[in-house]
Amino acid sequence: IARWVPYNGTPFIEKNDIELTPNPTTNQIYLNYLPASAIIQIQNINGQTLLQTKAQNNAATIDVSNLPAGIYLIEIQSDQGITVKKFVKE
């Protein structure tokens, strides 16, 4: 089940099937069940992009050990739209 909401002219899709673990985290996050063409951005709560990577084999492992403790957003962009998830870095 997905919910579509306009996002700066780009479809925004909120999907619950993308898995983000562990949350909260200290060193790495793992994303599973990603669209094959996904571009992943980690943003601070001000919307500033801090890291960017691409999905490989419908998954991604992202090292967040250099980020300060706080709340971050993961924006996942694909031809299916944009998904945003939140994680906590301890």
Rounding to 0.5 Å, atoms CG (Leu67) and CD1 (Ile42) come to a distance of 6.0 Å

Shortest non-hydrogen pair, Ser78 vs Ala38, comes out as CB-CA, 4.2 Å

Heavy-atom nearest pair, Lys89 first then Ser65, reads NZ-O, 3.8 Å

Rounding to 0.5 Å, atoms CG (Asn44) and CG (Leu51) come to a distance of 10.5 Å

Which of Ile82, Ile39, Thr49 passes side-chain contact (heavy atoms from CB on, under 4.5 Å) with Glu75? Answer is Ile82

Original post:
Hey, is the main chain of Lys86 close enough, under 3.5 Å, to the side chain of Asn23 for a donor-acceptor pair?
Top reply: yes

- Item | Under 3.5 Å: donor-acceptor pair, side chain of Asn57, backbone of Ala59 | no

ask   = Is the CD atom of Gln52 crowded by more than 12 outside heavy atoms at less than 6.0 Å?
value = yes

- Query: Any donor and acceptor pair, going by atom type alone, linking the side chain of Asn58 with main-chain N or O of Leu34 inside 3.5 Å?
  - Reply: yes

Heavy-atom closest pair (Thr25 atom, Val64 atom, distance to 0.1 Å) is CG2-CG2, 3.9 Å

inquiry  = Are Leu50 and Leu20 linked, directly or through intermediate hydrophobic residues, by side-chain heavy-atom contacts shorter than 4.5 Å (ILVMFWY only)?
reply    = yes

- prompt: So do Phe87 and Pro22 actually touch side chain to side chain, heavy atoms under 4.5 Å?
  reply: no

Closest non-hydrogen atoms of Lys85 and Ile18, given as atom of the first, atom of the second and distance, are CE-O, 3.1 Å

Here the gap from Gln41 atom CD to Tyr72 atom OH, rounded to the nearest 0.5 Å, amounts to 15.5 Å

Smallest heavy-atom separation, Ala60 atom then Ile40 atom, equals CB-CD1, 3.6 Å

When rounded to the nearest 0.5 Å, the distance separating CG of Asn27 from CD of Glu90 is 11.0 Å

key: Cluster check Ile74, Val88: I/L/V/M/F/W/Y, side chain < 4.5 angstrom   = no

